Protein chains: 2
Amino acid sequence: MLEQERTSDMDDRKKTILKAIVDDYVKTCEPVGSKSLVERYNLNYSSATIRNEMAELEEMGFLVKPHTSAGRMPSDKGYRAYVDNLLSLPEIPPEEEIAVRQFLTENLREAREMIERTAEYLAEKTNYLSVVLSPQYSDTSLEQIKIMMIEPGRAIVVLVLSPGVVHDRLIRIPSLIDEKDLNEIGQAIERCLTGKRLNDITLVTISSAAEDTELPEALVNQVLYEAYVAIKQTERIEVYIDGKYRLLKHPEFRDVDRASRFYDTMRQEQMVAGYMRELEQEEEIDAMKGLDTLEIIESAPGTLATRKDRPAYMVRIGQEIALNGMEDMSFITTTYRIGRRISGQIGVIGPKRMEYGNIISQISFVNRALSDVAEGHYTRGGDRLTLED
Amino acid sequence: MLEQERTSDMDDRKKTILKAIVDDYVKTCEPVGSKSLVERYNLNYSSATIRNEMAELEEMGFLVKPHTSAGRMPSDKGYRAYVDNLLSLPEIPPEEEIAVRQFLTENLREAREMIERTAEYLAEKTNYLSVVLSPQYSDTSLEQIKIMMIEPGRAIVVLVLSPGVVHDRLIRIPSLIDEKDLNEIGQAIERCLTGKRLNDITLVTISSAAEDTELPEALVNQVLYEAYVAIKQTERIEVYIDGKYRLLKHPEFRDVDRASRFYDTMRQEQMVAGYMRELEQEEEIDAMKGLDTLEIIESAPGTLATRKDRPAYMVRIGQEIALNGMEDMSFITTTYRIGRRISGQIGVIGPKRMEYGNIISQISFVNRALSDVAEGHYTRGGDRLTLED
DNA sequence: TCTAGCACTCGAACACTCCGAGTGCTAATT
DNA sequence: AATTAGCACTCGGAGTGTTCGAGTGCTAGA
């Protein structure tokens, strides 16, 4: 155990064998034996040799046996080594790029639809569960805020954030306030808050708007408070999950209890979201790794804008995931960016026995598409992207 | 088989036995035999007598045996007889009534939150899956419509329907239109549409608003079209499903393939919604039945408003459900009403082996609570209900 | 250093038995 | 005529034993 534990200590043959084992296990979900391995991957060694190597790989902690006379399967560490060093990332054909951009923006009205569709697309393509978080807007600024009377006692607040995102919310107001008063208060709020970062807006900031009007303070304060809540509401991260039911079709979910435990966790969406955001912050280091495997995508002339870099991704395998009921899952995440300030997370959750290469390609690809499309969409008039109409 | 098939042909003893069998099977999910039945429900007959009766009930089609030497379990027809004639509906304590009303309205802002919470509450209480459809608003009228500029090229349409429901939607408009033009168009639309039933608003109706302004027709038309889409959007029925994962905990979902097929169907929410609405229209007759078992709830002085009638409900059992993958489920639905014109559906889906009495009580109860609360909420100023603030 | 060969291991699959909770039927009892 | 006691019968489930084969580790020879 002490002698050698890191992947770098493996010779090429060990690497080939480990890769073959992971590939095979991912495909079949059955422990793989030395003989069938030699046959299926026509390795130029006898099964006995492979056996010896497998024994060593097991001792190094990359493989495990469910019982003595069974084949081997990858341990968490084995998957980890595979993901970090042995992975090949398939490319995604350029037609797909066009299709996805179209899918993300077609008939699009609200920003959140784009995120919903991202989740949908990813679940469809990977056949696993996808999670997409709406961006965190705390760092962006308020571009407009309008309050509109609906009827005595009720109004609607419409907020426009600097990247052009619109949120709104119904509020209750004192029935005594009439339309004219409300407009006055609205304008005071607007003067007071426009251009401020959401983060900087507090109850104190907003209450200074009260000084700006002649109306009775008690009335004004309630409106201010409601407006404040509406603003804070837009900072909340929305979670879009798609493909939950898909996991049921994978053999590791044969066991209903395990499935049930998993779903119990997934139901707590805010917790999952929180975990994803933590990951991003903690794992800038891992992110670098993503850049290691950087790959230059040659763009044929005339294709859509391509990028030289592949977005960083993070992979959490089995026990590495700090969420209940996820011990047999893997969680791949990546961060999409819209401009410099706005970012959110995209993730795929599947069994540990996952097609890592494929999923990572897909998630990176979707990340790029979403970032690009959203940026083009937000920076209206930008010429990098043509949307419908 | 020919001799007697209807429940009414059963003598009291048969009824008692059938009821006991259903109750027992619902509890244990195991075929129930004559001996254990006698013991558990201390019937005053020997197991042999029960055996004879069970044989007859089987011949009449109310019971089935999984194999020769096993106990009996209810057939679909057996459940049907149980639901139609043998059911006892537990009452729900008045404290619960207060609690639900509070839960449904606490911190409430948007109408759809109330529906979401209804679904949540029902799933929680029944431990099955709940479906709640938003009301169909086609028959209500448009009280207000406002269009507000967000930035060149984008605007927001806010609609207020007569029961005080607010919808909004972002739209794209020609970039040439400035705020003043937009307001003019908005007012024209308002003049043209206010007070009209949604059903009566068509592209033709709305286009008459164009005549009302001086602006270039091409520009106006696009806005009109977008406004039209926004209006039609509010007619769409939203589907809220909660407790999907809960079904996994029930033994009939041990079989993952069956579960998977079920979820494949449930994923098509619009189809499920369509089915529920069909049911309501077709089954006015069944609805009458619900009123048959009418029960007077004596209201202790000082409790919340109680009603004499129990809302009508419909039960669909097993094969009766015309949806794929639902052969082993039961579907209980009911229609909530807000005022005379607005109605929507509430449903619970669980295994055929369902606690019918309990679920029907719950769904009726929730129906009443939602109808009442919503009505109080919509008819603002109504004094039947006190909401927070 | 590799590989052929061999003894060994263990789970999956199948056959077999036993057990008990269930049945239907018949004859005796009320 | 209705009920019940009694009995032979059925059949799934749990338990046991056996076989089979794909896997292993180890050793000796190429």
Side-chain angles (χ1 to χ4, degrees), chain A residues 1 4 10-18 20-22 24-25 27-75 78 251 254-255, chain B residues 1 3-4 9-18 20-22 24-25 27-75 78 251 254-255:
Chain A
M1 272 291 182
Q4 29 170 236
M10 276 195 261
D11 55 30
D12 281 354
R13 191 168 67 189
K14 280 206 180 54
K15 285 185 189 164
T16 314
I17 293 173
L18 180 55
I21 291 175
V22 175
D24 201 71
Y25 186 71
K27 230 180 262 150
T28 64
C29 195
E30 310 242 302
V32 11
S34 52
K35 198 163 157 239
S36 57
L37 197 68
V38 173
E39 282 167 17
R40 260 178 284 201
Y41 295 80
N42 46 1
L43 308 171
N44 284 322
Y45 298 96
S46 79
S47 66
T49 309
I50 304 297
R51 226 147 38 227
N52 290 329
E53 292 284 33
M54 283 164 93
E56 282 181 53
L57 280 168
E58 183 176 0
E59 206 174 335
M60 293 164 79
F62 294 108
L63 297 178
V64 287
K65 273 193 300 219
H67 57 267
T68 337
S69 72
R72 306 302 213 286
M73 46 199 263
S75 65
R254 286 282 103 177
D255 180 354
Chain B
M1 272 291 181
E3 341 161 21
Q4 28 169 236
D9 297 329
M10 275 194 261
D11 54 31
D12 280 353
R13 192 168 68 187
K14 280 206 180 53
K15 284 186 189 164
T16 312
I17 293 173
L18 179 56
I21 291 176
V22 175
D24 200 72
Y25 187 72
K27 231 182 260 149
T28 64
C29 195
E30 308 241 304
V32 13
S34 51
K35 199 166 155 234
S36 57
L37 197 67
V38 173
E39 283 166 19
R40 258 177 286 202
Y41 295 80
N42 45 2
L43 308 171
N44 286 322
Y45 298 96
S46 79
S47 65
T49 310
I50 305 297
R51 236 163 10 243
N52 290 331
E53 292 285 34
M54 281 164 93
E56 282 180 54
L57 280 167
E58 182 175 0
E59 207 174 335
M60 292 163 80
F62 295 107
L63 297 178
V64 287
K65 273 193 298 216
H67 58 266
T68 338
S69 73
R72 308 299 214 287
M73 45 200 263
S75 64
R254 288 279 104 175
D255 180 353

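Since the structure is predicted, the reported quantities are computational estimates derived from the model, not experimental observations. Lettering of chains follows the sequences in order, A, B, ..., and the numbering in each one begins at 1.
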Per-pair distances, 0.1 Å, donor-acceptor, side chain in residues 64-73 of chain A, under 3.5 Å, sequence neighbours excluded:
| from | atom 1 | to | atom 2 | distance (Å) |
| --- | --- | --- | --- | --- |
| A:R72 | NE | A:E58 | OE1 | 2.8 |
| A:R72 | NH2 | A:E58 | OE1 | 2.8 |

Is [X] touching bases, backbone alone, or none of the nucleic acid, heavy atoms closer than 4.0 Å?
| X | value |
| --- | --- |
| A:T68 | sugar-phosphate |
| A:A48 | base |
| B:S36 | sugar-phosphate |

OG1 of B:T16 to CG of B:L18, rounded to nearest 0.5 Å, is 9.5 Å
Hey, which of these two, B:Y45 or B:S69, hits DNA chain D nearer its 5' end, going by closest nucleotide? B:Y45
Ranking B:N44 and B:P66 by the position along DNA chain D of their nearest nucleotide, the one closer to 5' is B:N44
Nearest whole Å is fine: how far is [N] [atom2] from [X] [atom1]?
| X | N | atom1 | atom2 | value |
| --- | --- | --- | --- | --- |
| B:H67 | C:dG20 | NE2 | P | 16 Å |
| A:R51 | C:dT3 | CZ | C1' | 10 Å |
| B:I50 | C:dA21 | CD1 | P | 18 Å |

Say whether, by atom type as modelled, one donor and one acceptor occur between the side chain of A:S34 and the main chain of A:I50 under 3.5 angstrom. no
How would you give the extent of chain B contacts on DNA chain D, as first and last nucleotide 5' to 3' within a 4.0 Å heavy-atom cut-off? D:dT3 to D:dG12
Are A:T28 and A:R40 side-chain neighbours, meaning at least one heavy-atom pair lies under 4.5 Å? yes
Would you say B:Y45 and B:R13 make side-chain contact, with heavy atoms under 4.5 Å? yes
When you check the phosphate oxygens OP1 and OP2 of C:dC2, does a side-chain N or O of A:S46 lie under 4.0 Å from one of them? no
When you check the phosphate oxygens OP1 and OP2 of C:dA21, does a side-chain N or O of B:R72 lie under 4.0 Å from one of them? no
A:L37 and A:I21: which non-hydrogen atoms are nearest, and at how many Å? CD2-CG1, 3.7 Å
